[in-house]
Chemist: 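Below: one structure in structure tokens.
Everything numeric here is computed off the predicted structure, so don't read it as measured data.
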Amino acid sequence: MKIIIGIGGVTNGGKTTLTNRLLKTLPNCCVVHQDDFFKKPNQIEVGEDGFRQWDVITALDMEAMVNTVKGWQENPVKFARSHGVSLSTEAQKPGSKDQEVHVLIVEGFLIYNYKPLLDIYDKCFYISIPYEECKRRRSTRTYTVPDPPGLFDGHVWPMYLKHRKEMENNCSNIEYLDGLKSKEDIFSSVYECIQNSLLNSL
Ligand SMILES: Nc1ncnc2c1ncn2[C@@H]1O[C@H](COP(=O)(O)OP(=O)(O)O)[C@@H](O)[C@H]1O
Ligand SMILES: O=C(O)c1ccc[n+]([C@@H]2O[C@H](COP(=O)([O-])O)[C@@H](O)[C@H]2O)c1
């Protein structure tokens, strides 16, 4: 059995933190990080506001991301091996792929804003934090291209609000998580939810 879990959310909401914890806990679990599909800086358009437009779907090579997900769907064992993910003893046996549980986590800030990805998720989560906390956490983070002054208020937060509205209009099955809760609490509630889904689909 294969299940795909979406971990979406605002920048610095705690997506990677939660994902890393799930990766350590769930069986035969692989991940696709949307951040790995950012285009090169010289391919990112500069807006009328003077900022490079990083927080829009066209800043990402979404076709490549979808193909990566398809690669996992076609052969999760091969995918796990080629990404250095260790498999359970059962999952390594030839012909075991129908009985074993294989999990893929798709993590990123715009994973519910790209139509071809919308139908792939078995379970959708979305982490939010308020403006002040988001701005604070973001100010401590350095990306491959550091934020120029004013990027958060001029581009990042307005794009977040726009995409969030778009997502709320397009997706009805998302579990919203409060990113101000402790890392442990967030992990426990998501883990419990995934366990219930797995039990229901066995
Ligand atoms: N529940 C939480 N409470 C407090 N800080 C958190 C929590 N989750 C994540 N963080 C911190 O917030 C920052 C961003 O977390 P990260 O998981 O990288 O976010 P994202 O992947 O959504 O951008 C990190 O410094 C991380 O330690
Ligand atoms: O990873 C990169 O190459 C990169 C380069 C420039 C900007 N980013 C920022 O990455 C943010 C999304 O990632 P995250 O982990 O904060 O959700 C988004 O808000 C972008 O502004 C990321």
Chemist: Is it true that the NZ or CZ of Arg21 lies under 6.0 Å from the centre of Phe187's six-membered ring and within 45 degrees of the ring axis?
Modeler: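 Yes, Arg21 sits over the ring of Phe187.
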
Chemist: A side-chain contact here means heavy atoms from C-beta on lying under 4.5 Å apart; do Glu133 and Leu180 qualify?
Modeler: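 Glu133 vs Leu180: side chains touch.
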
Chemist: Do Val31 and Val101 share a hydrophobic cluster (ILVMFWY, side-chain heavy atoms under 4.5 Å, transitive)?
Modeler: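 Same cluster: Val31 reaches Val101 through Ile, Leu, Val, Met, Phe, Trp or Tyr contacts under 4.5 Å.
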
Chemist: Check for a donor-acceptor pair, side chain of Tyr112 on one end and backbone N or O of Gly6 on the other, with a separation under 3.5 Å.
Modeler: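 Flag set: sc Tyr112 to bb Gly6 pair under 3.5 Å.
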
Chemist: Less than 4.5 Å apart, any side-chain heavy atom of Glu107 and any of Thr16?
Modeler: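 Yes, at least one pair of side-chain atoms sits under 4.5 Å.
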
Chemist: Less than 4.5 Å apart, any side-chain heavy atom of Asn12 and any of Thr140?
Modeler: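 In short, these two side chains do not touch, never coming nearer than 4.5 Å.
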
Chemist: Would you say Val10 and Lys15 make side-chain contact, with heavy atoms under 4.5 Å?
Modeler: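 Contact flag for Val10/Lys15 side chains = no.
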
Chemist: State plainly whether one hydrophobic cluster holds both Leu110 and Ile127, where clusters connect Ile, Leu, Val, Met, Phe, Trp and Tyr through side-chain heavy atoms under 4.5 angstrom apart.
Modeler: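 No, no single cluster joins them.
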
Chemist: Keeping Glu168 on the side-chain end and Lys165 on the backbone end, is there a donor-acceptor pair under 3.5 Å?
Modeler: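 It does not hold such a pair.
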
Chemist: Any heavy-atom pair between the side chains of Gln34 and Val106 that's under 4.5 Å?
Modeler: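 No; the side chains remain at least 4.5 Å from each other.
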
Chemist: Check the surroundings of atom CD in Glu63: do more than 12 heavy atoms from other residues, nucleotides or ligands lie under 6.0 Å from it?
Modeler: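 No, because the 6.0 Å sphere around CD of Glu63 holds 12 heavy atoms or fewer from other groups.
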
Chemist: Among Trp54, Trp157, Tyr143, which residue meets the side-chain hydrogen bond (donor to acceptor under 3.5 Å, both in side chains) test with Thr11?
Modeler: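 Filter result, single survivor: Tyr143.
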
Chemist: How many angstroms lie between atom CD1 of Ile57 and atom CZ of Phe37, to the nearest 0.5 angstrom?
Modeler: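 Spacing of CD1 (Ile57) from CZ (Phe37) equals 12.0 Å.
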
Chemist: Hey, what do you get for CG (Leu87) to SG (Cys29), rounding to the nearest 0.5 Å?
Modeler: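 Going from the CG atom of Leu87 to the SG atom of Cys29 covers 11.0 Å.
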
Chemist: From His102 NE2 over to Asn75 CG, what is the distance, rounded to the nearest 0.5 angstrom?
Modeler: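 So the NE2 of His102 and the CG of Asn75 are separated by 8.5 Å.
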
Chemist: Considering only NZ, NE, NH1 and NH2 on the basic side and carboxylate oxygens on the acidic side, decide whether Lys2 and Asp122 come within less than 4.0 Å.
Modeler: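 No.
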
Chemist: Checking Glu45 against Thr58: is there a side-chain donor and acceptor pair closer than 3.5 Å?
Modeler: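 Looking only at side-chain atoms, Glu45 and Thr58 do not form any donor-acceptor pair under 3.5 Å.
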
Chemist: How about Arg164 and Ser128: does a side-chain donor come under 3.5 Å of a side-chain acceptor?
Modeler: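 Ser128 and Arg164 do have a side-chain donor-acceptor pair below 3.5 Å.
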
Chemist: Should the heavy atoms of other residues, nucleotides or ligands under 6.0 Å from CG of Asp119 be counted, would the total exceed 12?
Modeler: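 Incorrect, the count does not exceed 12.
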
Chemist: Do Ile7 and Ile174 sit in one hydrophobic cluster, given that two such residues count as connected whenever their side-chain heavy atoms are within less than 4.5 Å of each other, even indirectly?
Modeler: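 Ile7 does not cluster with Ile174.
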
Chemist: Does Val32 share a hydrophobic cluster with Leu118, counting links as ILVMFWY side-chain heavy atoms below 4.5 Å and allowing steps through other members?
Modeler: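 Yes; Leu118 is reachable from Val32 via cluster members.
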
Chemist: Using a 3.5 Å distance criterion without hydrogens, assess whether the side chain of His155 forms a donor-acceptor pair with backbone atoms of Asp55.
Modeler: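 Yes, because the side chain of His155 sits within donor-acceptor range (under 3.5 Å) of the backbone of Asp55.
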
Chemist: Is the ring pair Tyr131/Phe152 parallel, tilted or perpendicular, if the boundaries are 30 and 60 degrees?
Modeler: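 Plane angle between 30° and 60°, so tilted.
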
Chemist: State the SG-CD1 distance between Cys134 and Ile129, to the nearest 0.5 angstrom.
Modeler: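 If we round to the nearest 0.5 Å, Cys134:SG and Ile129:CD1 are 4.5 Å apart.
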
Chemist: Please step through side chain to side chain donor-acceptor pair (under 3.5 Å) for the pair Tyr191 and Asn196, ending with a clear verdict.
Modeler: CA-CA 9 Å; Tyr191 183 70; Asn196 287 338; over 6 Å; no

Chemist: Can you say whether the rings of Tyr126 and Tyr160 are parallel (under 30°), tilted (30 to 60°) or perpendicular (over 60°)?
Modeler: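 Ring orientation of Tyr126 relative to Tyr160: parallel.
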
Chemist: For atom NZ of Lys78, decide whether the heavy atoms of other residues, nucleotides or ligands shown that lie under 6.0 angstrom number more than 12.
Modeler: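 Not more than 12 within 6.0 Å, no.
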
Chemist: For residues Val66 and Ile120: do they belong to one hydrophobic cluster (side chain heavy atoms under 4.5 Å, members Ile, Leu, Val, Met, Phe, Trp, Tyr)?
Modeler: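 In one cluster with Val66: Ile120, yes.
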
Chemist: Can you give me the closest heavy-atom contact between Val56 and His163, atom names plus distance?
Modeler: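 The pair with the smallest heavy-atom distance is CA-CE1, 4.1 Å.
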
